[in-house]
Amino acid sequence: MKATIEASGLAKNFGRVRALDGLELSVAEGEVHGFLGPNGAGKSTTLRILLGLIKATSGGVTVFGLDPWADAVRAHRDIAYVPGDVNLWPSLTGGEAIDLLTSLRGGADPALRARLIRDFDFDPRKKGRSYSKGNRQKVALIAAFARPARLYVLDEPTSGLDPVMEAAFRGEIDRVKAQGATVLLSSHILSEVEELCDRVTIIRAGKTVETGTLTELRHLTRTSFRVTTLTDAAAMTAIAGVHDVRREADHLVFDADTDALRPVLQELAAIGVAGLTVSPPSLEELFLRHYGDERAREVAN
Amino acid sequence: MVRLLRAQARRDRWQLASWILGIGVLAIGSAAAVVQEFGDTTQRAALLMLASGNPALLAVRGTPDGLSTGSVIFFEIFTFLAVLAALMSTFLTVRHSRGDEEQGRTELVGGTPVSRSTALGATLGLGALANLAVAIVVTAGFAATGLPLGGSVLTGLATGGTGLAFCGIAAVAAQVCRTSRAANSLAGALVGLAFVLRAFGDATGTVSEGGLRVTSAWPSWLSPVGWGQQVHAFGHESAAPLLLQLALFVVAGAVALASVRRRDLGAGLVGDRSGRATAGPALTGTLGLAWRLQFSAVIGWAAGGALLGLFAGGLADAAVKAVQEDQALAATVRGLLSGSTSSLLDTFVAAIMAFLGVLAAGAALQAVLRVRIEEAEGRAELLLSGAVSKARLLVDCLAVAVVSIIVVLLAGGVVAGLAFVGAGHPDRFGSSVVAAFVQLPAALVFVSVAALVFALLPRLTIGLGWGLLAVGFVLGQFGGVFKLPEWLRNLSPFSHTPIVPGDSVDLAPLAAMVVLSIVLAAASVLLARRRDLVA
Ligand SMILES: Nc1ncnc2c1ncn2[C@@H]1O[C@H](COP(=O)(O)OP(=O)(O)OP(=O)(O)O)[C@@H](O)[C@H]1O
Ligand SMILES: [Mg+2]
């Protein structure tokens, strides 16, 4: 598969602040790629470089094989972008803003536009100044989806949307993915990324710390067990790769590394259980493992 | 009601305190400055005669009324004090009436056992108290400078009275409009109208006492600011106009109270209409957007230009007659435009057209600064994610800026020409339009310099843009009056605009300014392409 986005050794300084510090990102054509990181990790900065709004201090970056800084206008004909913070023109109505923005990429598909306005339950007649945050977000989303693009760059697109609208948003992602478009989606909402994304890149302090499919990343994480049994905890504690064993009333609760799953299951078969809940590792945990230690150190200092 | 009043005052204490204090500082500061700068009678006489021969100055300041220190101070500063008090009152009243209603606070109060008009009553009470404070502060400021107490009190009351009148006007505006933004705009526009009516009446007033006194024409009597002026503090004093201000407050306040009792919460006489669901054909692309955003502002600037044109064409004869009676004054007027040998009539037209040039530059500057506002408020990010280059955004705003200059100059020039035709000088139509259009190159320089600042130091664009225009305006238009050194005056593009109509018009500086502007604009477009988007 060809790479739609390819960035390597990407660095960006804002004065003395080093926002990006050797970031690696590769997004293949046709995939939905999640871009995760804590506040200030450099997600928005990366997306702005990909759009040629700002210039990388060093490192190589291509979008559709073009240099986004030098060839911004050519690349943008096929890119739909939703910024992290949507600001509208106070005197323009939402409908006018949608038409204006799509006109810059060649104009909206009227049928698609009408359906999106209905699905997102949006009133296009109000002035920009009177829209709430969620409604401003809808303007940018409708403008992005109202004309087909080859690449969708979305910076925390669901912030401010209620759950019903999030569902409508997921529907659009499924639709453009089915049409073969590539999506790069930065997010804090892990369930959204888990549900939508084929691959994920996790960054911290301007560096890529993890990249791969969710299955690949789950190798790095632990599975949570909640077992209804009266057997005492000692047997479990003995297995290498089992952590945080504790008893909660008649439940035995612990986490297991992927390598320890086999001995754990054998042991469970042996001791006999009355009930069992196993939860897959969530990205929440991935986050906690990658940033938790950092936080812990910060707190300790 | 007293409780509500106290609650409103509490919420506003810092804001109101700074308004009142600001007005007080302006009063005492300007009074002291006049005392220092125009200490002796001849200086004051020269100032007043210069003013009474220049309708533009009368329009900005008001009408002089005698030579005493106090009346010169009153002439210099009263309109500004009055406009400030009017604005303070407007914002205060709208904030507590329509503003509270919008934010649901009125609903909260409405749930308690008070009548629907109580909150508005409290607001009007607060407005009256705030303006009483303004009156006291201004009186104290003037009296502290050593001016007679009677005149000081009259000045204070006239300032507070103007504010009071606008409390009433704003209360009605808040009933008419459905949003506080619209109510503020409406009441603010009425403050502007009051100023303009007064400016027009004063500029067309009759000069007497050898240029030391000007009696306003009737339009000044249509304006609450004008009423304040007519107390003629320290001169031919009269407290009667204060009654007009008080009457307006009482009547307008009563109308607003009656309306609040009758209508539904949240309703208004005119609503914030819902707009178009789709963009019209004009709003495609960034050029359409730039024009759409600038359109209503250009209309405003052009209206100002047309007003100046009306002054130029309609008042020229009268001004020339007044000036001719006084040789000393004629010399001073010529000093406004250094090196001129043209006839007095030409001089007068050129002086007004110079102000038109400043208006044109202001309109254009607003258009080009828009590119920075779009960037700073994050909307440029949305635009640039489309197939639009950074250079394109700047070029579009520059194009709209040039169109703005042309529209303002056209409005001023054509209206001046028509006014001349109406006044029996049909031969002056063409020269008036030309006199307007020679202002174009200087305005272009301000536009291109602002574009360059945008490309190099984006965060300073707005401040530096307006700041440079203000400096250029002062150096160019008043450099002669203040007898500033030549080189300093020459820093202003306005100083290089030739006197048109005139005997010998040198076109070289115009050509130089046009070329300079094109070079600077081209450079800024190239540089803007090369820099990061800066929030
Ligand atoms: N224009 C700028 N000038 C200076 N520093 C900046 C600028 N833009 C970003 N930064 C800094 O760069 C770092 C990365 O910012 P960025 O906005 O890319 O983070 P983010 O991952 O998008 O965070 P969030 O989740 O809060 O949106 C932050 O430390 C931020 O303060
Ligand atoms: Mg961000």
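Any value given below was found using the heavy atoms of this structure, including those in side chains, with hydrogens, waters and symmetry copies removed. The chains referred to below are lettered A, B, ... by the order of the sequence lines, with proteins before strands, and numbering in each begins at 1. All of these numbers come straight from a predicted model, not from anything done at the bench.
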_Looking at G386(B), is its backbone amide N or carbonyl O close enough to the side chain of R105(A) to form a donor-acceptor pair, meaning the two atoms are under 3.5 Å apart?_
no

In short, K390(B) meets W69(A) closest at the heavy-atom pair NZ-CZ3, 3.1 Å

Output for pair (W89(A) CH2, L289(B) CG), nearest 0.5 Å, gives 5.5 Å

Check: So, do E381(B) and D85(A) sit near enough that their side-chain heavy atoms are less than 4.5 Å apart?
Finding: no

* Asked: Are the charged groups of D532(B) and K12(A) less than 4.0 angstrom apart, N to O?
  -> yes

**Asked** Does the H76(A) side chain pair with the main chain of V388(B), one donor and one acceptor, at a distance under 3.5 Å?
**Response** no

Greatest number of non-hydrogen atom pairs under 4.5 angstrom with chain B, of L51(A), V82(A), V153(A), L101(A), falls to L101(A)

_With a sphere of 6.0 Å drawn around CZ of R74(A), does it hold more than 12 non-hydrogen atoms of other residues, nucleotides or ligands?_
no

Comparing S389(B), G285(B), S296(B) against chain A, the one with the most heavy-atom pairs below 4.5 Å turns out to be G285(B)

Rounding to 0.5 Å, atoms CG (L382(B)) and CG (L104(A)) come to a distance of 9.5 Å

With the side chain counted from C-beta on, respond yes when S385(B) and I79(A) share a heavy-atom pair under 4.5 Å apart, and no when they do not. no

Evaluate the side-chain proximity of L92(A) to L283(B): yes if any heavy-atom separation is below 4.5 Å, no if none is. yes

d(L383(B) CG, L100(A) CG) to nearest 0.5 Å is 6.0 Å

Rounded to the nearest 0.5 angstrom, the OG1-CZ distance for T93(A) and R276(B) is 8.0 Å

Taken to the nearest 0.5 Å, the spacing of R292(B) CZ from E96(A) CD works out to 4.0 Å

When every non-hydrogen atom of S91(A) is compared with those of L293(B), the smallest separation belongs to OG-CD2, 4.0 Å

Other residues, nucleotides and ligands only: do more than 12 of their heavy atoms fall within 6.0 Å of CZ on F14(A)? yes

Quiz item: Would you say the side-chain atoms of D99(A) pair up with the backbone N or O of T278(B), donor to acceptor, closer than 3.5 Å?
Solution: no

